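Let me begin by presenting the structure, written as structure tokens, before commenting on it.
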Amino acid sequence: MKRLQIISSVFFALVAFVACGKAGTAGLASDAAERVYVKPGDKDEIYMFASGGFSGQVGVNGIPSGRLIRVIPVFSQWPETGYGYDETTKNMLMTSHGFVPWDDSHHPQLSVTEGKQDGRWLFINGNNTPRIARIDLKSFETVEIIELPNSAGNHPSSFLTENSEYALAGTRFSIPIPNVPMAWEQFQKEMKAGMSFVSIDKTTGKMSIDFQVLLPGISYDLGRCGKGPSHDWCFISSYNTEQAYKMLEVNASKKDKDFVMAINWKKAKACVDQGKARMFPGAYRHNYREENQEAVSESLNGTKMLDPKDCPGMVFYMPTPKSPHGSDVDPTGEYIVAGGKLATVIPVHSFSKMLKAIEDKAFSGEFFGIPVLKYEATLAGEVQKPCLGPLHTEFDGKGYAYTSCFVSSEAVKWKLGTWEVVQHLPAYYSIGHLSIVGGDTRDPFGKYLVLLNKITKDRYLQTGMELVQSAQLYDISGSNAELLLDFPTHGEPHYAQMIPASALKKQTKILRLEDNKNPRATKKESDARVVNEGGAVHVYMTMIRSHFKPDVVEAAAGQTVYFHLTNLEQDFDVPHGFAVFGSNAPNVLVMPGETRTIKYEAKDRGIFPFYCTDFCSALHQEMQQYIRVQ
Amino acid sequence: MMNRMKIGTALVTALFLAVALAACKKQSGDNASNDSGTGIGPVSSVQIAAGIDEGMAKKGADLFEAKCSACHKWEEKVVGPALQGVTTRRKPEWIMNMILNPVEMTQKDPTAQKLLEEHLTQMTFQNVTQEEARMILEHFRKKDGAK
């Protein structure tokens with residue numbers, strides 16, 4: 001206990017250290033309980049979509065209550081629903097490396113139209129096996145995952161352009177492209193970073209890799225695309241411009257400044273359209289699931305690769321102190337705020353000054369042929385001594401920015417234009433990202449700020465050697481931010497985005513049986529049957545409260561049995577589950593009107609039960625039948 | 001047709017009423033005395049012509065097979081009650097309202113309340129139109145040998 005107290009004291013001392021200027025420190029609102037209380041029967045005002053970090057999923061919390069109301073499986077298998085295990089969904093997790101049942105998900109971004117949230121889709125990156133997933137916000141299901149070749153660590157991803165024309169995805173790890181082993185000294189010279197421009201279909205949301213850009217091999221980190229005047233550009237931070245490949249904690253922190261990269265996506269697209277890109281090899285998978293259909297996994301190879309030297313004026317580097325992390329664009333599209341992770345200032349670049357610097361050729365040099373602009377030429381201002389370890393910034397739409405600071409464990413509120421810190425908001429503890437409702441868009445909703453922390457220490461009852469990550473909710477609607485709530489999150493939510501619940505009202509409640517186009521569907525009980533096809537047993541089975549049809553199933557030992565399960569219910573929130581004795585797969589949940597297929601190897605002779613796993617009715621316990629294996 | 005919000009609210013209400021119902025049986029007896037037997041829902045009167053409209057009954061039979069037969073058989077109870085003789089036990093309006101508005105029916109209609117107590121599974125609305133419910137009724141009339 002003493003140790004915990006010491007830890008807490010250190011954090012408070014750090015906060016106190018930076019809070020000794022004139023800016024005050026936010027405290028707990030006196031009526032906090034009332035402001036986060038959602039009384040029984042009422043609903044939360046806001047949806048929060050939090051990346052599941054090393055769980056690979058997305059958590060959905062209601063705000064202001066902080067309640068976890070859903071986990072959406074994305075990059076990892078999820079036995080709760082059978083996602084990634086059953087025949088219907090397992091193709092979603094196919095990659096060029098085979099079946100990969102996990103990833104490390106970091107940065108969700110809600111789709112935008114004219115820079116404002118449109119409530120259609122949620123995109124999120126997979127870091128370890130570079131992928132981008134799209135979740136449909138009508139069904140809250142992962143409907144598409146595209147793999148990114150020529151990338152080794154999809155951390156700087158997925159950043160949407162102002163009308164969701166493109167999702168940009170860079171790489172945190174540079175590699176030889178094409179990737180072949182070589183001497184370490186040579187590797188240092190040849191490391192490259194492929195940045196993918198993934199186009200998004202306006203109507204269907206479907207993704208495809210339009211082209212890639214072959215960038216100098218440094219570590220790209222985070223970014224945002226522009227809005228309004230900066231519509232054509234995206235701004236990506238970087239570290240390790242030293243190009244170290246070992247002991248990066250020392251070797252990648254030698255320079256005073258790294259870069260924020262400004263890349264003109266419109267110009268890149270124009271160069272590609274003029275035939276300036278070359279085909280590069282690179283195997284990848286494109287997986288998608290049409291409504292209620294078996295997921296398709298396409299095996300693809302090769303992308304159009306654009307070399308910056310073939311497209312002058314497309315990319316520039318803005319020197320930025322020091323190993324910057326976040327690179328965030330304010331609602332007007334003019335300011336690009338870099339979290340100078342190891343710097344004592346928060347540097348802010350001006351988009352209009354950047355354009356002028358490019359026009360005036362105010363370059364301080366070149367980096368692998370790419371012009372490096374003069375720091376002073378693009379600088380709008382610096383927030384002086386804001387905190388220790390500034391990382392990420394979001395905006396309230398009222399002229400203020402909030403930046404998270406890892407080392408001093410707080411967020412700082414500061415004013416755009418005057419660069420003056422006005423308030424310190426303690427985080428418990430060691431904050432990473434922060435999120436304001438719509439805080440990265442042209443039109444922030446504001447009102448709530450969530451701090452997403454890395455270390456929990458003394459905030460919850462101990463649960464063994466680890467505690468879940470904590471988050472704090474602040475009310476930022478008044479002139480001073482006030483702390484409202486502490487709530488647990490799961491995995492390690494790096495980033496989260498929030499949207500008013502009123503924007504997500506058009507959700508699917510059931511699939512009408514008439515609209516069930518799955519070729520394995522059984523839409524009425526009289527069609528339920530068992531068919532032997534090529535030695536395998538196909539069971540076309542219906543589920544309704546509280547029985548399955550056919551009544552009994554027969555198979556021979558050694559046969560593979562496919563249960564094609566259709567839930568005949570047409571009633572919202574009445575899925576049926578299915579589990580069979582001795583199966584090597586988990587249960588599958590079938591939503592009302594939908595069809596899912598699960599594979600069962602009939603290894604042993606005997607009579608084995610199967611049953612409904614999701615409590616469905618007063619006679620749920622009776623929803624149990626048998627398969628006989630002879 | 002009820003919108004989804006109403007159904008949601010109705011469900012919550014149904015749950016409360018189910019609790020209330022169990023707690024005060026006498027009240028449901030009182031309701032019975034005011035019961036007109038037409039049920040509660042969008043159908044207040046049904047025109048029944050002499051004889052059977054065979055076309056309608058055929059369409060009704062197909063709809064019944066697709067949307068109702070998983071729970072209802074003619075001669076035996078499955079999930080819901082056996083339906084044989086239903087057109088002589090209940091008014092045509094009641095039958096159509098039960099098809100179109102089962103949740104509110106099992107909360108408020110004394111006969112439907114008793115059926116829920118007996119069968120213990122909430123009947124669900126199966127996405128049929130009023131016209132389709134009428135066809136199902138015609139199918140029932142034919143099965144019951146209506147002239």
Side-chain angles (χ1 to χ4, degrees), chain A residues 39-43 138 501-502 504-516 521-529 540-551 565-576 590-594 612 615-623 625, chain B residues 1-16 18-19 21-22 59-74 76-81 99-106 113 115-129 132-133 136 139:
Chain A
K39 75 174 195 292
D42 281 0
K43 298 185 188 79
K138 271 198 190 127
S502 57
L504 297 186
K505 284 210 161 144
K506 290 180 189 159
Q507 292 179 46
T508 310
K509 293 209 159 171
I510 60 160
L511 176 67
R512 290 160 47 94
L513 279 166
E514 302 87 298
D515 299 332
N516 180 334
T522 310
K523 296 200 212 176
K524 44 187 183 182
E525 267 198 11
S526 52
D527 290 341
R529 65 202 183 277
Y540 293 86
M541 182 168 270
T542 58
M543 318 159 98
I544 197 159
R545 286 168 280 187
S546 311
H547 60 267
F548 302 96
K549 286 279 172 186
D551 292 321
L565 306 156
T566 301
N567 181 351
L568 294 181
E569 305 285 352
Q570 292 289 276
D571 193 6
F572 172 51
D573 194 28
V574 188
H576 288 290
V590 190
M591 297 302 134
E594 289 198 342
C612 175
F615 204 105
C616 59
S617 64
L619 296 169
H620 163 76
Q621 202 71 355
E622 283 74 9
M623 196 162 170
Q625 287 167 209
Chain B
M1 202 185 290
M2 284 180 94
N3 67 33
R4 303 246 181 254
M5 280 300 285
K6 275 189 190 155
I7 293 175
T9 315
L11 265 173
V12 175
T13 318
L15 289 175
F16 281 115
V19 174
L21 178 73
K59 284 182 191 151
D62 291 344
L63 282 163
F64 180 81
E65 195 200 344
K67 299 207 167 185
C68 319
S69 65
C71 295
H72 291 283
K73 303 286 177 246
W74 201 249
E76 59 173 329
K77 170 213 159 45
V78 187
V79 179
I99 293 169
L100 293 167
N101 188 30
V103 174
E104 196 184 3
M105 283 287 282
T106 47
Q113 282 176 336
L115 286 165
L116 179 60
E117 283 178 54
E118 186 184 343
H119 297 278
L120 294 171
T121 299
Q122 173 66 55
M123 178 168 160
T124 62
F125 173 59
Q126 288 290 88
N127 262 320
V128 290
T129 62
E132 288 172 330
I136 294 168
H139 165 61

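Keep in mind it's a predicted model, so treat the numbers as computed, not measured. Just so it is clear: chains get the letters A, B, ... in the order the sequence lines come, proteins before strands, and each one is counted from 1.
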Measure the spacing between [atom1] of [X] and [atom2] of [Y] and express it to the nearest 0.5 Å.
{"X": "B/Q126", "Y": "A/E569", "atom1": "CD", "atom2": "CD", "value": "7.0 Å"}
{"X": "A/E525", "Y": "B/E65", "atom1": "CD", "atom2": "CD", "value": "10.0 Å"}
{"X": "A/K524", "Y": "B/L63", "atom1": "NZ", "atom2": "CG", "value": "10.0 Å"}

Worksheet item: Side chain, backbone, both or neither: which part of A/E622 has a non-hydrogen atom closer than 4.5 Å to chain B?
Response: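 Neither part, no heavy atoms under 4.5 Å.
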Discussion item. Less than 4.5 Å to any heavy atom of chain B: does that hold for the side chain of A/I544, its backbone, both, or neither?
Written reply: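 Only the side chain of A/I544 comes within 4.5 Å of chain B.
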More than 12 heavy atoms of other residues, nucleotides or ligands under 6.0 Å from [atom1] of [X]: yes or no?
{"X": "A/K523", "atom1": "NZ", "value": "yes"}
{"X": "A/K138", "atom1": "NZ", "value": "no"}
{"X": "A/Q507", "atom1": "CD", "value": "yes"}

Worksheet item: Are side-chain heavy atoms of A/D571 and B/Q122 found at a separation under 4.5 Å?
Response: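 No, side chains not in contact.
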Discussion item. For a 4.5 angstrom cut-off between non-hydrogen side-chain atoms, does A/I510 reach B/N127?
Written reply: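 They are in contact (side-chain heavy atoms under 4.5 Å apart), so the answer is yes.
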Discussion item. Please enumerate all residues that pass salt bridge (charged side-chain N to carboxylate O under 4.0 Å, His left out) together with A/K506, with sequence neighbours excluded.
Written reply: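 So A/K506 forms no salt bridge (charged side-chain N to carboxylate O under 4.0 Å, His left out) with any residue.
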Fill in: Closest non-hydrogen atom pair between B/A70 and A/L568, with its separation
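Where B/A70 meets A/L568 most closely, the heavy atoms are CB-CD1, 4.1 Å.
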